[in-house]
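All values below come from the heavy atoms of this structure, side chains included, with hydrogens, waters and symmetry mates left out.
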Amino acid sequence: MTSVHPPPALGRELSNPPTDGISNLRFSNHSDHLLVSSWDKTVRLYDASTNSLRGEFMHGGPVLDCCFHDDSSGFSASADNTVRRIAFSNGKEDILGRHDAPVRCIEYSYAAGQVITGGWDKTLKCWDPRGASGQERTLVGTYPQPERVYSLSLVGNRLVVATAGRHVNVYDLRNMSQPEQRRESSLKYQTRCVRCYPNGTGYALSSVEGRVAMEFFDLSEASQAKKYAFKCHRKSEAGRDIVYPVNAIAFHPVYGTFATGGCDGFVNVWDGNNKKRLYQYSKYPTSIAALSFSRDGRLLAVASTYTFEEGDKPHEPDAIFVRSVNEIEVKPKPKVYPNPPA
């Protein structure tokens with residue numbers, strides 16, 4: 001009998017990784033294809049199940065975010081101020097439009113059939129990708145934001161926009177004329193990532209200071225009483241607390257539990273409802289810049305990439321790991337109630 005080697009603790013490392021920092025990675029909603037954006041000016045398309053590079057698309061500047069449209073095309077946000085559409089089969093790219101500064105975030109809304117981008121020009125823009133190429137035909141609207149956009153997240157018709165200055169705007173995509181809610185982050189420090197709960201009731205928001213806040217859209221007193229924040233991605237050394245930024249949040253599509261990734265190189269899995277940590281994976285070579293679960297939650301993609309929080313210094317090579325997810329790591333544990341007294 002041949003001995004079966006256990007999978008490496010970190011997951012399977014994808015070959016042909018980007019040659020500079022990884023800004024984001026995302027699984028497709030239809031397959032195990034993985035789209036990856038990088039500071040090396042590329043967007044790469046991988047098949048995570050076969051560890052193969054399916055395509056590489058060059059841009060005019062570092063690519064700060066990317067997302068799928070479907071399995072045949074995707075969109076990207078670049079530091080050269082452009083919003084691009086990429087056709088994977090023939091590598092054809094066209095520019096949907098531009099911001100007046102680097103474009104930090106991009107999302108595709110299946111509900112609205114629109115591409116939504118957030119830029120460092122302090123605007124949010126919505127685009128109709130069905131329009132012919134050219135900004136005047138594709139731009140649906142431009143919506144000023146209080147500060148530079150750092151993170152976006154969608155659930156159904158709801159859009160959450162997190163900006164510099166700890167602002168959070170919540171929109172209904174069916175009426176973008178003004179935010180449905182204007183909020184301030186409940187965390188004291190700069191926001192890194194915002195992600196909506198898959199059930200649509202709220203969002204998780206992480207900061208540079210090793211914390212995550214769990215928030216709810218419903219403004220009733222009962223709902224707001226459920227919100228809380230917790231510390232994570234920290235360690236004690238010689239009596240001092242060392243605190244790391246929390247760069248990434250990804251929700252499990254089946255169980256609604258979520259993973260966080262930090263500059264400490266760790267990925268933790270949390271059960272937000274029961275306020276418990278379910279799992280901590282082995283330490284990755286360097287900071288975790290991005291996380292994504294596959295559509296069925298069986299795979300977790302991890303971007304291990306130095307995020308320059310300590311300036312330019314020698315660092316581990318940028319790498320993408322794809323790990324098989326074991327149910328025990330992500331499934332909430334049932335609450336154990338004490339037996340009632342006889």
Only counting residues at least two apart or in another chain, list the ones meeting salt bridge (charged side-chain N to carboxylate O under 4.0 Å, His left out) with [X].
X: E237; answer: K235
X: E107; answer: R26
X: E147; answer: none
X: R44; answer: D40, E56

Partners of [X] by side-chain hydrogen bond (donor to acceptor under 3.5 Å, both in side chains), sequence neighbours excluded?
X: E327; answer: Y255
X: Q178; answer: none
X: D296; answer: S294, R298
X: S206; answer: none

Check which hydrophobic residues are tied to F266 through side-chain heavy-atom contacts below 4.5 Å, counting indirect links as well, and list them.
none

Kindly give the cluster partners of L53, where membership spreads through any ILVMFWY side chain lying under 4.5 Å from a current member.
L14, I22, L25, F27, L34, V36, Y46, L299, I320, V322

Let me have the donor-acceptor pairs involving side chains of residues 153-160, under 3.5 Å, with sequence neighbours excluded, atom names and distances please.
unit_1 : atom_1 : unit_2 : atom_2 : d
S153   : OG     : C196   : N      : 2.9
R158   : NE     : E180   : OE1    : 3.1
R158   : NH2    : E180   : OE1    : 3.4

Can you name the residues that form a ring-ring contact (aromatic ring centres under 6.0 Å, His included) with H69, not counting sequence neighbours?
F75, Y108

